[in-house]
Undergrad: 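Mind looking over this structure? Questions follow.
Throughout, protein chains are lettered first and strands after them, A, B, ... in sequence-line order, and every chain is numbered starting at 1. Remember, it's a predicted structure, so these values are computed and weren't measured experimentally.
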Amino acid sequence: MTFDGSRYVSNAVKALPPSGIRKFFDLAAQMENVISLGVGEPDFITPWHIIESSFYSAERGHTSYTSNLGLLELRQAISDYLEAKHGVGYDPTNEVLVTTGVSEALDVAIRTLVSPGDEVIVIEPCYVSYKACVLLAGGTPVIVDTHVDNGFRVTAEDIASRLSDRTKAIVLSYPNNPTGAVMDCATLQRIAELAKERDLIVISDEIYSELTYEGTHTCIAALPGMRERTVLLNGFSKAYAMTGWRIGYACGNKHIIGGMMKIHQYTMLCAPIIAQKAAIEALRYGEEAKQRMVAEYDQRRRFIVERLNAIGLTCFEPTGAFYAFPSIAASGMTSEEFCNELLREQSVAVVPGNAFGACGEGFVRCSYAASLQEISEAVTRMERFLADHAR
Amino acid sequence: MREDILRILDENDQVDPATIATMLGATEDEVRATIAELEKSKAIVKYHALVNWEKVNDDLVQALIDVKVSPQRDVGFDQIAERIYRFPEVKSVYLMSGAYDLSVAVQGKSLKDVASFVATKLATLDHVLSTTTHFILRKYKEEGVILDDKAELKRLVVSP
Ligand SMILES: Cc1ncc(COP(=O)(O)O)c(C=O)c1O
């Protein structure tokens, strides 16, 4: 009898839907010379001073475990940064947890908060992990759709209509992946009021907060009464082009952070010290390099949005993150058809909108974390593609 | 906007005014006018390709020459600098602080070529007191660009 490994995989894992991105990735990975606007990470490499400083401390022997919470120096720097930038500070001794990317922070936050049967509001389209983490924690994700007519912003009313006695938390993520939408302060205030009224926790993934191109980012934890109610997640991957270092953090009420720390100490022990050292350098001296990158994204953003609109892929104006999310209605195809055919015929990779939730159908995500030349060539090929398929 | 335009063109002078206008949220006319102004004021000196000559001609050599001169009354270093920078072999001339006065970059077809330029043209000029020639053996980085970037960076084609 042959050994059937699948029999041993838990039901919870079996039931987990595969990531829509994964399927598409496998297809794209087989092809050569693909121009990719499908990438969810910066095209810059980490600023050299950050690499150099981190490697220097490794060379001097800083290669050990750290406190479970992370280096105090880093927690202090994070707290100072949040205080200066958003006006919300945290006690570095018990309200800040350094994690292996926002990915880990998110998982640990949800496992800390969610008991089996609890409901968590997930606003789609969104980053692929939220729903999966809720499911793995035994919770029930309750999906709230957003739409282009409202700039892919959720409203307090949308959320209120999906609340039940079992709702424990809301996951918010603005600036948003995949839409590039940002949240306005007034709407955020109404959501904050709702959270207080209905006694909900807000898990706010603000990993793209530094990539805000018009106006300033409002951190929900900074709104009155929300500091205690918010688990604030942020990290270094996007703002400092540090995806490979795997470093992020969570801030919040000491009991919640304490709970998260419990899981973290058993499953991760601590974030890698080499990345923690890099993060300290980034917060201390990374401002200029960050601003240079943000300025470049902003220029490419204007360029891609105008070009997409010009070729008939109507695109609402994204003002955060590094994604444009055009409608592909002009093609008459589904998101997956569009992406598969575009890849096959023109060797251009973009990601189907429905990979980020059902309401992303009819859209594709185009990352502008790519060089101007790449963006320009990709859009030209998309134009050719549309012409070839015009009925 | 002027600085944004300069930064874009400094990075890549092939980007056309319409694209720059889109990137900066300005009109094409504004961008064209600003570029014209920058050209007129010589803030934009020249559009050129950054060539790595080592790739096409192994024999070309470049040297940096430290030149000590005696400054002249009324004109200081300007006149002697001009006498030097007028030579087409000279790629750049800087007035320096420190141990010598002028830093002169010279390009020639061969070592001998450069050596002979220094010996017959440069060192013999009036007011040149001494020269020290350093031949460049290899260029790693030029005008902010790493010339032989070995690392071919590969991100995943698609990632969440
Ligand atoms: C919205 C969002 N949250 C979290 C992450 C994961 O970030 P990290 O690299 O910090 O794990 C990503 C990465 O794409 C993201 O887009």
Undergrad: So which part of A:L27 gets closer than 4.5 Å to some heavy atom of chain B, the side chain, the backbone, both or neither?
TA: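 Interface part for A:L27: neither.
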
Undergrad: Looking at A:E337, I'd like to know if its CD atom is crowded, meaning that more than 12 non-hydrogen atoms belonging to other residues, nucleotides or ligands lie closer than 6.0 Å.
TA: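 Yes.
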
Undergrad: Calculate, to the nearest 0.5 Å, the distance between atoms OG1 and CZ belonging to B:T22 and A:R307 respectively.
TA: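 One finds 9.0 Å between OG1 of B:T22 and CZ of A:R307.
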
Undergrad: Where on A:Y297 is there a heavy atom nearer than 4.5 Å to chain B: the side chain, the backbone, both, or neither?
TA: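 Interface part for A:Y297: neither.
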
Undergrad: Is there a donor-acceptor pair under 3.5 Å between the side chain of B:R155 and the backbone N or O of A:E41?
TA: yes

Undergrad: Let me know if A:V351 has heavy atoms under 4.5 Å from chain B in its side chain, its backbone, both or neither.
TA: side chain

Undergrad: Taking every non-hydrogen pair under 4.5 Å, which of A:A29, A:S36, A:S129 racks up the most with chain B?
TA: A:S36

Undergrad: Should the heavy atoms of other residues, nucleotides or ligands under 6.0 Å from CD of B:E3 be counted, would the total exceed 12?
TA: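 No - once you tally the heavy atoms of other residues, nucleotides and ligands closer than 6.0 Å, there are 12 at most.
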
Undergrad: Look up atom CD in A:Q299 and atom CD1 in B:I8, then write down how far apart they are to the nearest 0.5 Å.
TA: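 So the CD of A:Q299 and the CD1 of B:I8 are separated by 4.0 Å.
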
Undergrad: Under 4.5 Å from any heavy atom of chain B, what part of A:A369 do you find: side chain, backbone, both or neither?
TA: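 It is both, since atoms from each part get that close.
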
Undergrad: With a sphere of 6.0 Å drawn around OH of B:Y94, does it hold more than 12 non-hydrogen atoms of other residues, nucleotides or ligands?
TA: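 Counting neighbours around OH of B:Y94, 12 or fewer heavy atoms of other residues, nucleotides or ligands fall under 6.0 Å, so no.
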
Undergrad: Give the minimum heavy-atom separation between B:V157 and A:V34, together with the two atoms involved.
TA: CG1-CG1, 3.8 Å

Undergrad: Has B:Q79 got more than 12 heavy atoms of other residues, nucleotides or ligands less than 6.0 Å from its CD?
TA: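 No - once you tally the heavy atoms of other residues, nucleotides and ligands closer than 6.0 Å, there are 12 at most.
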
Undergrad: Contact between B:V158 and A:I21 at the side-chain level, heavy atoms closer than 4.5 Å - yes or no?
TA: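 When only atoms from C-beta onward are counted, A:I21 and B:V158 do touch, with a gap below 4.5 Å.
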
Undergrad: Please indicate whether B:Y47 has more than 12 foreign heavy atoms, meaning atoms of other residues, nucleotides or ligands, lying under 6.0 Å from its OH.
TA: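 Yes - once you tally the heavy atoms of other residues, nucleotides and ligands closer than 6.0 Å, there are more than 12.
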
Undergrad: Please report the shortest heavy-atom distance between A:F303 and B:T19, naming the atom on each side.
TA: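 Scanning both residues completely, I find the closest heavy atoms to be CE1-CG2, 3.4 Å.
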
Undergrad: Are the side chains of B:M23 and A:L372 in contact, using a 4.5 Å heavy-atom criterion?
TA: yes

Undergrad: Could you pull out the closest heavy-atom pair between B:S159 and A:G40, with the gap in Å?
TA: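 For B:S159 and A:G40, the tightest heavy-atom pair comes out as OG-N, 2.9 Å.
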
Undergrad: Taking B:P160's backbone N and O only, do any of them form a donor-acceptor pair with A:R365's side chain (distance below 3.5 Å, no angle check)?
TA: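 At least one qualifying donor-acceptor pair exists.
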
Undergrad: Using non-hydrogen atoms only, which part of A:Q373 is less than 4.5 Å away from chain B: side chain, backbone, both, or neither?
TA: side chain

Undergrad: Answer with side chain, backbone, both or neither: which region of A:D298 has an atom nearer than 4.5 Å to a non-hydrogen atom of chain B?
TA: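 For A:D298, the backbone is the part near chain B, not the side chain.
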
Undergrad: So, taking the atom named CD in A:E296 and the one named CG in B:D4, what distance separates them when rounded to the nearest 0.5 Å?
TA: 11.0 Å

Undergrad: Does CZ in B:R83 sit with more than 12 non-hydrogen atoms of other residues, nucleotides or ligands closer than 6.0 Å?
TA: no

Undergrad: Please state whether the side chain, the backbone, both or neither of A:F25 comes within less than 4.5 Å of a heavy atom of chain B.
TA: both

